[in-house]
There are 2 protein chains.
Amino acid sequence: MKPVTLKEIAEQLNISVTTVSKALKDYPDVSKKTKGLVKELAKTLNYKPNTFAVNLRTKESKTVGLIIPVIVHHFFSNVIKGIISQAEKKGYLVIILQSNESYELEKKQIDLLLSQRVDGIIISLANGTADFSHLNQIIDQEKPLVMFDKIAKIVQCSKVIIDDRKAAYIATQHLIDIGCKRVAHFRGALLPQNSIDRFLGYKKALLDNNLPYDPSLVYICECGDMSFEEGKKNAKQLLKDHDDVDGIFINTDLVAIGAMTEFNNQGVKVPEDISIVGFSNWFMSSVISPTLTTIDQPGFKMGKTAFKQLYKEIQAIKNNKPKRPKTITLETKLIERESTEK
Amino acid sequence: MKPVTLKEIAEQLNISVTTVSKALKDYPDVSKKTKGLVKELAKTLNYKPNTFAVNLRTKESKTVGLIIPVIVHHFFSNVIKGIISQAEKKGYLVIILQSNESYELEKKQIDLLLSQRVDGIIISLANGTADFSHLNQIIDQEKPLVMFDKIAKIVQCSKVIIDDRKAAYIATQHLIDIGCKRVAHFRGALLPQNSIDRFLGYKKALLDNNLPYDPSLVYICECGDMSFEEGKKNAKQLLKDHDDVDGIFINTDLVAIGAMTEFNNQGVKVPEDISIVGFSNWFMSSVISPTLTTIDQPGFKMGKTAFKQLYKEIQAIKNNKPKRPKTITLETKLIERESTEK
DNA sequence: CTGAAAGCGCTTACAG
DNA sequence: CTGAAAGCGCTTACAG
């Protein structure tokens with residue numbers, strides 16, 4: 001069963017392709033009668049416009065690309081959901097790619113999306129990304145680009161973020177408020193902006209409370225992938241290095257859960273011996289034992305907002321208006337749970 | 001900066017578009033010298049073929065569609081990852097849609113994908129799907145279709161599944177082996193084939209062990225969405241209805257975790273009072289307390305396999321060969337953990 | 001109100 | 001080895 005074309009409809013009705021096309025799109029200069037006939041036949045033949053041809057003519061694909069470091073991740077999968085749900089409302093489809101935290105892959109994927117002629121791109125950067133020419137390439141082509149979560153400040157495009165520094169400050173302040181005197185930090189990879197900002201928030205909270213900042217209390221994730229295993233490893237190392245740490249602010253819930261598992265294995269009690277605050281509010285943080293205090297990061301909303309902004313820019317470009325990059329900061333909040341109960 | 005076309009390259013080199021096109025695709029009837037010139041210029045101009053035009057000519061989009069009930073779900077997000085990683089290897093892009101367990105949405109989304117002219121579709125059905133004409137529509141158009149996990153046996157297409165009945169049998173048998181005499185079952189929604197099969201496996205295990213099958217021990221999920229809340233609700237109801245249940249086989253880990261949370265709140269001890277086996281082996285099942293015994297379901301592999309099969313069929317159709325639907329069954333295994341430790 | 005014609009950017013059968 | 005021409009299926013400015 002071959003797909004039906006405008007030509008076939010035109011032949012069956014003995015009218016021109018032009019008129020059929022116009023009738024289906026409700027052009028005002030087609031008679032009601034003709035419109036009726038065309039629409040009816042189109043329906044019975046189950047006509048669907050050939051997107052390839054439409055795209056070629058209109059130079060739009062009604063498709064956007066999304067590049068994400070990891071999919072199997074509570075925060076990111078929520079973002080995906082937010083983007084897809086919003087895109088659907090506007091009649092857009094979403095092509096999803098996973099960069100696996102690799103700069104090389106990310107670069108290739110952007111090339112792919114550009115040659116696919118998507119109407120815009122949404123991205124959260126890989127931990128390994130330090131060069132941004134592949135992103136500027138998107139901007140040079142006047143394609144809308146929206147970054148979220150892991151962004152590059154220097155790139156001139158719209159961004160949807162949270163105030164990582166402030167959130168980290170609040171998380172650390174909470175540990176201090178409940179009495180912690182030696183607060184460590186598992187900061188994740190070195191490069192990503194949000195990792196830097198969270199670290200700065202942690203440091204500022206210490207200094208504002210007249211607690212010394214001790215670099216040996218900051219644990220970096222070399223592997224590039226913030227994972228459960230990383231949390232275990234860091235926790236093990238911390239127990240070797242220090243015996244006086246009474247609180248830790250950890251970059252991601254998953255890592256925090258890894259750390260808590262290690263502490264539990266070694267008989268270190270949370271929160272009695274060490275209090276812990278995570279980041280992101282993964283679902284599982286509310287069901288493990290002890291439940292994990294964390295910063296709620298609105299993934300679904302972030303996805304929705306990112307698409308909305310992208311859509312605005314797509315429209316702006318269509319109407320030959322400037323697209324005006326915008327940075328949108330979403331609210332976060334501290335969720336207090338058992339891991340910091342004193 | 002407008003995208004470069006074949007025409008521009010041709011003009012700059014004073015040769016025809018035909019030759020440029022052939023040179024770039026390494027046709028044997030173009031001189032080495034010309035090929036060299038064309039390729040060099042294409043590179044410096046950063047030429048990328050216009051996919052719309054290529055698609056229109058070749059009638060291929062190198063894109064496949066994926067419809068999934070929920071994205072924020074450990075099993076499904078692993079499947080997505082598997083599909084995307086395999087697709088990338090073959091140069092295919094993946095458009096992802098979420099049906100939200102709604103038949104209506106699923107139908108619309110298939111229409112969307114078909115009018116987008118994707119080369120094939122991979123789907124896991126919504127719990128609400130009982131009619132399959134929208135799926136047969138895909139098959140009528142001779143588009144490859146692969147179903148996985150939640151399938152419809154009656155639809156003539158390839159399927160990637162596990163042996164749900166067998167897995168459920170093993171799960172239930174495990175509960176009986178450790179001494180359970182009154183085993184309940186949270187079966188999830190009524191319609192999906194895997195829900196039916198798991199129920200049948202549960203029932204058969206009881207009967208094979210000379211335990212009576214009691215329908216009042218089987219809890220159905222009316223809301224259509226197998227969730228944490230559903231687990232809590234069912235657990236609460238079960239405690240009201242029965243005081244002699246000593247084991248439960250639960251359709252999905254997330255629901256099992258909901259149930260364990262409710263039991264914990266009410267002072268019912270797992271596994272001392274009630275032993276629990278889940279299904280799917282979500283990551284969090286290995287870190288909660290008690291850790292959850294479950295059936296490991298290979299999501300990533302399922303995704304990979306589904307795409308591989310789809311790809312084979314796409315190739316077959318391209319070469320005018322029959323596509324021969326195939327059902328592939330992947331292995332599962334029981335993961336014993338604390339929730340069934342006696 | 002209707003339609004012939006050009007064109008989007010490519011591919012490929014065919015002629016030379 | 002090179003290129004003119006047709007055509008994929010649509011949209012739209014223009015003529016009548």
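Remember, predicted model here, so these are calculated numbers, not experimental data.
Atom NZ of K301(A) is surrounded by 12 or fewer heavy atoms from other residues, nucleotides or ligands within 6.0 Å. Heavy atoms of other residues, nucleotides or ligands lying less than 6.0 angstrom from NZ of K35(B) number more than 12.
As judged by a 4.0 angstrom heavy-atom cut-off over every strand, T5(B) is placed among residues touching the sugar-phosphate backbone only. Base engagement by T19(A) is indicated by at least one non-hydrogen atom pair under 4.0 Å involving a base atom. Contact annotation for Y27(B): backbone-only contact, meaning every heavy-atom pair under 4.0 Å involves sugar-phosphate atoms and none involves a base.
K304(A) and S85(A) get closest at one heavy-atom pair: CG-OG, 4.2 Å. The two residues I71(A) and S77(B) come nearest to each other via the heavy atoms CG2-O, 3.9 Å. The two residues K143(B) and V118(B) have their closest heavy-atom pair at CE-O, 2.8 Å.
Going from atom CG of L37(A) over to atom C1' of dT2(C) covers 14 Å, rounded to whole Å. Separating the CD atom of Q116(A) from the P atom of dG9(C) is a distance of 17 Å, rounded to the nearest angstrom. Rounding to whole angstrom units, CG of residue L6(B) and C1' of dT11(C) are separated by 9 Å. At whole-Å resolution of the value, CD in E11(A) and P in dG3(C) are 13 Å apart. dT12(C) atom P lies 13 Å from atom CG of L56(B), rounded to whole Å. Atom CZ of F52(A) is separated from atom P of dG9(C) by 17 Å (rounded to the nearest Å). The CD1-P distance, from I9(A) to dT11(D), rounds to 11 Å in whole Å. Rounded to whole Å, the distance from OH on Y47(B) to C1' on dG9(C) is 8 Å.
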Give me, pair by pair, the N or O atoms of the protein and of nucleotides 14-16 of chain D that are less than 3.5 Å apart, along with how far apart they are.
none

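Phosphate contact (OP1/OP2 of dT12(C), side-chain N/O of K25(B), threshold under 4.0 Å): present. For dT11(C), the OP1/OP2 oxygens have a side-chain nitrogen or oxygen of S21(B) closer than 4.0 Å.
Comparing T18(B) and R117(B) by the nucleotide of DNA chain D whose heavy atom lies nearest to each, the residue mapping closer to the 5' end is T18(B).
Nearest to the side-chain atoms of S31(A) among the listed nucleotides dT2(C), dT11(D), dG9(C) stands dT2(C). When the nucleotides dT2(C), dC10(D), dT11(C) are ranked by their closest atom to the side chain of V54(B), dT11(C) comes out on top.
For DNA chain C, the stems formed by at least three consecutive Watson-Crick or G-U pairs, with both atom-pair distances below 3.5 Å, span C:1-3 with D:14-16, C:5-12 with D:5-12, C:14-16 with D:1-3.
Counting distance only, with no hydrogens placed and no angle test, the side-chain atoms of R57(A) and the base atoms of dG7(C) include a donor-acceptor pair under 3.5 Å. No hydrogens or angles were tested; on distance alone, nothing pairs the side chain of S16(B) with the base of dA4(D) as donor and acceptor under 3.5 Å.
Under the 3.5 Å distance criterion, with hydrogens and angles disregarded, no donor-acceptor pair is assigned to the side chains of N100(B) and S102(B).
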Report task. Show the numbers, then the answer: is there a side-chain contact (heavy atoms from CB on, under 4.5 Å) between F307(B) and K90(B)? Result -> CA-CA 10 Å; F307(B) 184 83; K90(B) 300 293 186 182; 3.9 Å; yes
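Between K48(B) and D111(A) there is a salt bridge, since at least one side-chain N of the basic residue sits less than 4.0 Å from a carboxylate O of the acidic one.
Once rounded to the nearest 0.5 Å, the distance linking OG1 of T329(B) with CD1 of I161(B) reads 4.0 Å.
The backbone N or O of V70(B) sits nowhere less than 3.5 Å from a side-chain atom of E101(B) that would complete a donor-acceptor pair.
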